[in-house]
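Contents: one structure, followed by commentary.
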Amino acid sequence: MSLPVLSIRDLKVRFGAHEAVKGISFDIAAGETLALVGESGSGKSATALSILRLIEREGGRIAGGSITLSGTPPLELTSLPEPALQRVRGNRISMIFQEPMTSLNPVMNVGSQLAEVFVRHQAMTHRQALEAARAGLEKVRIPDPARRLGQYPHELSGGLRQRVMIAMALACRPELLIADEPSTALDVTTQAEILHLIRALQADIGMAVLFITHDMGVVAEMADHVVVMKHGQVVEEAAAATLFARPCADYSRRLMAATPRLGAGSPAPIPRPEPVLEVRNLSTRFASRQGLFNRKGAGVLAVRDVSLTLGRGETLGLVGESGCGKSTLARSILRLIEPSAGEVRIMGADITALTGEALRPMRRAAQMIFQDPYASLNPRHAVRDLVTEPARLHGLASAADRRDLAVSLVERVGLEADAVDRFPHQFSGGQRQRLCIARALSVRPGLIIADEPVSALDVSIARQVTDLMLDLQRADDMSFLFISHDIAVVERVSHRIAVMYGGQIVEMGPSQQVLRNPRHSYTRRLLAAVLSPDPARRRAGAAPGAPLPGARAPEAEPAALHEAAPGHFVRPEAA
Amino acid sequence: MIMFALRTVLKMAITLFVIITLVFFATRLSGNPIDIVVGEGLTQEDRAVLTAYFGLDAPVWEQYLRYLRSILAGEFGISFLERRPVSQIVAERIGPSLQLLASSLALTLAVAVPLGIAAALYRKSWIGSAVMIVAFLGYAVPNFVLAIFMILIFAFTLNWLPVVGNGSPWHFVMPTIAMSGVLIAALTRFTRNAMLDVLGQDYMRTARAKGLPEHVVIFKHGLKNAGVTILSVLGLQIAGMAASGNVVIEAIFSWPGIGDLLVRSAIMRDYPVLQFGVISVALAVVVINAVVDIAYAWADPRIRLAGG
């Protein structure tokens with residue numbers, strides 16, 4: 001192994017009195033990829049930000065230890081003065097961040113944001129820098145790079161923005177690239193492309209990569225070496241192959257067990273269940289306004305002719321990438337968005353034509369859980385009021401009963417009874433999602449629509465939450481429409497799976513049939529992009545397949561689904 | 001972008017038309033102007049003759065059409081008092097008003113934006129607190145009170161500055177400060193909040209991770225974003241200043257502008273002048289708003305897109 005590019009020794013980082021990183025040490029060699037793995041609060045991002053000394057800006061400080069960047073002379077980053085640090089940042093060490101949506105400046109075009117780096121570190125004129133920026137965009141394989149220079153971040157998709165971030169980070173061919181969850185916010189197929197790109201550029205530049213992630217699939221795909229962190233300490237450090245084959249630390253084993261793995265099986269389909277939700281030819285169109293007089297344009301058909309049924313005690317998993325219309329479908333079913341055509345029946349009652357007060361029984365029968373448990377609980381209300389609010393609105397609980405109801409609800413979702421007197425900010429993300437479930441349960445609904453309920457949670461917490469949902473289903477014959485972009489999670493909970501693409505359901509059937517015998521090319525492409533938490537199954541630098549035509553297919557009359565196997569429906573594709 | 005500008009101009013024209021119409025009907029509501037202008041002691045015959053002479057016997061819609069036609073032709077009637085065309089009188093007054101508005105705006109921007117940025121950057125030190133306390137006090141003092149205090153101190157007691165008119169640059173000092181006082185306070189607070197919001201954004205961290213020096217991070221990446229928010233508020237504030245701020249301040253300092261003219265013609269019941277004065281102030285407000293809207297779209301590419 002070559003000499004380390006970066007050495008961290010006994011690093012301690014504090015946020016006020018709280019010690020977020022408690023004396024960690026590791027080395028990264030040139031050309032090597034080191035994965036720093038851990039769940040939220042493990043101190044992995046604090047470590048990354050300390051290397052660039054951006055931690056002070058986030059309210060933390062380095063309380064001890066050393067971070068040495070090799071070279072002649074070696075630089076001790078923990079004590080380097082600000083001007084010298086600025087010459088290191090973006091030049092010898094650069095960083096890409098998790099959120100491509102917010103990490104680029106919205107009011108500067110892509111060209112000037114990129115050119116800035118060249119002007120700053122390579123003393124180029126603005127004109128030279130723009131040419132270098134164009135070449136940089138070409139390198140990260142952005143189509144039509146010259147035109148992109150004049151575009152603004154909001155005109156680019158998440159994947160393209162992350163490519164711009166990468167082009168920016170690699171502008172000066174750094175010795176070390178820090179990638180902080182660079183693919184977490186992206187769709188699986190985009191994630192595969194971005195990871196592949198990082199690896200190809202790493203081989204080209206010969207840089208070391210510090211990869212920060214919570215996703216064991218990404219670790220298996222990318223890492224040579226793995227450092228597992230928990231509560232600010234290193235619990236295990238090993239070569240990737242060794243770690244996956246024989247994890248030593250208890251925590252590593254648990255982390256791996258909690259990681260959903262595609263192909264781990266799913267609940268068997270229920271034969272002919274009593275239908276709870278029936279959707280017929282549902283379409284939702286978003287109006288767009290255009291022209292000088294804001295005329296109503298044709299708009300975008302976000303959901304196109306969707307039909308599905310969901311039986312009692314059944315979970316239907318709905319998978320698809322961002323923008324495919326899955327959240328719009330969920331909201332249209334509950335009439336949170338007005339569908340433009342089609343019919344929805346809940347417990348046999350047609351709710352499409354209902355308005356105002358007449359919708360209330362439906363709202364009791366069907367509840368919804370959202371992705372962000374931080375944003376969906378009002379921070380000023382105590383838990384006892386939050387979880388019983390739907391029951392109060394539906395007249396199911398008197399003021400006197402509310403407390404008792406709250407206690408029984410929080411106990412059902414696995415929290416202590418004294419939780420009812422606390423406020424949302426006193427709970428962790430997983431506990432909050434439990435509270436959201438408790439709130440949905442308060443009106444004893446037959447159907448819960450869960451829109452990415454575990455996507456914001458750590459794997460071990462996500463597992464607990466999905467286990468809770470499975471328990472509730474067993475106990476009460478509850479039905480779930482479970483929406484997620486994470487196919488492995490969907491597999492674990494769903495009796496049947498529906499795959500959505502461009503506003504349509506392209507394939508639907510019993511989970512194992514859809515996953516093991518995918519019939520639609522989009523389903524196959526989606527499955528191929530899923531990362532396996534097993535370094536042996538790494539795709540050895542294979543380029544991801546050519547992108548499918550735009551997710552918004554032309555609005556031709558869609559062909560009807562046909563039954564490829566019993567209960568397994570596929571939309572025919574144009575040859 | 002051109003579409004956006006066109007639409008803004010169209011909106012502006014509609015707004016202006018509505019205002020002109022409102023002014024017409026508001027003045028008709030107050031009864032026959034002959035009674036007010038000529039006063040008592042008029043025989044029924046004379047009254048009828050005068051009414052016919054001024055065209056006030058025609059149906060209201062016909063009067064309205066005639067009024068619109070004369071506005072389009074640029075004829076706004078004759079001042080009762082000065083016996084000169086109203087347009088001529090107003091034209092003389094617009095220049096001084098715009099000068100005062102421009103100097104106040106320049107002072108506001110020059111003081112409030114740097115103060116607001118400083119207050120955001122040093123929010124935890126005494127500098128930030130001091131700026132906010134001064135801004136709070138500034139907000140609490142109405143501009144006419146500030147004007148009177150300044151006159152008492154700098155004109156009457158110290159005899160440093162002139163009070164009446166607009167004859168020299170020195171004449172601008174007190175009216176400009178009086179006009180800007182509240183605005184500076186409001187804009188300082190607003191700039192601080194906009195800047196604080198921007199400082200916590202992810203793209204600021206990205207800018208630092210690129211190795212940019214702090215002043216580039218703050219003034220290029222930060223201010224460009226905060227500027228968009230500041231601009232949106234600034235438009236409303238300037239419009240407010242043009243519409244009402246100048247009436248009081250111009251009257252106090254006898255500034256020969258539109259505000260002063262409006263006050264005088266209201267007292268003297270010079271209705272043609274008042275009518276056109278109100279319309280021209282409305283025009284100013286509408287134009288300022290349109291300019292700010294277009295500038296806003298220019299500063300923020302996202303608005304440009306949303307606008308078509």
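Neither the backbone nor the side chain of A/L85 comes within contact range of chain B; no heavy atom of the residue lies under 4.5 Å from a heavy atom of that chain. With a threshold of 4.5 angstrom between heavy atoms, A/L104 approaches chain B through N, CA, C or O but not through any side-chain atom. In this structure, chain B has no heavy atom under 4.5 Å from any part of A/Q98. Heavy-atom distances place no part of A/M101 under 4.5 Å from chain B, backbone and side chain included.
Counting heavy-atom pairs closer than 4.5 Å to chain A, the top-ranked of the candidates B/L199, B/L212, B/V216, B/V228 is B/L212. Per-residue counts of heavy-atom pairs under 4.5 Å with chain A were compared for B/M204, B/Q201, B/K220; the largest is that of B/K220.
For the pair A/N105 and B/T206, the minimum side-chain heavy-atom distance is 4.5 Å or more. Within the 4.5 Å cutoff, the side chain of A/R57 has heavy atoms near those of the B/R208 side chain. In this structure the side chain of A/Q151 never reaches within 4.5 angstrom of the side chain of B/P301, judged on heavy atoms.
Using a cut-off of 4.0 Å between Lys/Arg side-chain N and Asp/Glu carboxylate O, A/E99 and B/R205 are scored as not salt-bridged.
Across A/R120 and B/G211, no two heavy atoms sit closer than the pair NE-O, 2.6 Å.
Here the options are A/H121, A/E116, A/Q113, A/Q86, the test is side-chain hydrogen bond (donor to acceptor under 3.5 Å, both in side chains), and the partner is B/K210; only A/E116 passes.
Within 6.0 Å of atom OH in B/Y64, more than 12 heavy atoms from other residues, nucleotides or ligands are found, so the atom counts as buried in its surroundings. Within a 6.0 Å radius of CZ in B/R189, other residues, nucleotides and ligands contribute 12 heavy atoms or fewer.
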